[in-house]
Amino acid sequence: MWILVLYDLPTDTKKQRKKAAQFRSEIVKDGFTMFQFSIYVRNCASMENAQVHIKRLKSLLPEEGYVGILCITDRQFADMEIFHCHTKTKTIAPYQQLELF
């Protein structure tokens, strides 16, 4: 399961820039990685684990701006086609669940 956070926060004033930087910092602390500017992703082992992180994200929402949260499966994430200009690049390999005995 992958969580995608897509956001567009205002950065006109110093206070708004600070709030946007704090939001970004907090989601990075929670294990999210930048996919593109204002798009961060995080892999979760299950939907229950994803719900924990989504709840945490909702508690971090800034007062202004737009934030979208999207959950997709490993398969959907792996099917994504990513291009850099006209060159196709590899997608991030899904994390593998380790089995301990």
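For clarity, every value in this text was computed on a predicted model and none was experimentally measured.
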Shortest non-hydrogen contact from Leu60 to Phe23?
O-CD1, 3.4 Å

Would you compute the distance between atom OH of Tyr66 and atom CG of Asp8 and round it to the nearest 0.5 angstrom?
8.0 Å

Just how far is it from atom CZ of Arg42 to atom NE2 of His53, taken to the nearest 0.5 Å?
3.5 Å

Closest approach of Pro10 and Ala20, non-hydrogen atoms and distance?
O-CB, 4.5 Å

Look at atom CZ of Phe83 and say whether more than 12 heavy atoms of other residues, nucleotides or ligands are closer to it than 6.0 Å.
yes

What's the spacing between Asp79 CG and Gln76 CD if we round to 0.5 Å?
8.0 Å

Pairing donors with acceptors under 3.5 angstrom, does anything connect the side chains of Arg24 and Tyr7?
no

Could I get the full list of salt bridge (Lys or Arg N to Asp or Glu O under 4.0 Å) partners for Asp30, not counting sequence neighbours?
Arg56

Check whether any side-chain heavy atom of Trp2 sits under 4.5 Å from a side-chain heavy atom of Met80, and report yes or no.
no

Cluster link Ile82 to Leu70, ILVMFWY, side chain under 4.5 Å
yes

Heavy atoms, side chains only, cut-off 4.5 Å: are Val52 and Cys44 in contact?
no

Of all residues at least two apart in sequence or in a different chain, which pass the salt bridge (Lys or Arg N to Asp or Glu O under 4.0 Å) check with Lys29?
Glu26

Which atoms form the tightest heavy-atom contact between Asp12 and Arg17, and what is the distance?
O-NH1, 3.3 Å

Count I, L, V, M, F, W, Y as connected when their side-chain heavy atoms are under 4.5 Å apart, and connections chain through other members. Are Val28 and Ile54 then in the same cluster?
yes

Hey, which of Val41, Asn43, Asn49, Leu57 is the one that makes side chain to side chain contact (heavy atoms under 4.5 Å, CB included) with Ile3?
Leu57

Roughly how far, to the nearest 0.5 Å, is the CD1 atom of Ile27 from the OG1 atom of Thr33?
9.5 Å

Determine, using the 4.5 Å side-chain heavy-atom cutoff (strictly less than), whether Leu4 and Met47 are members of one ILVMFWY cluster.
no

Assess whether side-chain contact (heavy atoms from CB on, under 4.5 Å) is satisfied between Glu64 and Lys19, documenting all intermediate values.
CA-CA 9 Å; Glu64 300 177 278; Lys19 293 286 186 185; over 6 Å; no

Quick one: CE on Met1 to SG on Cys71, what's the gap to the nearest 0.5 Å?
6.0 Å

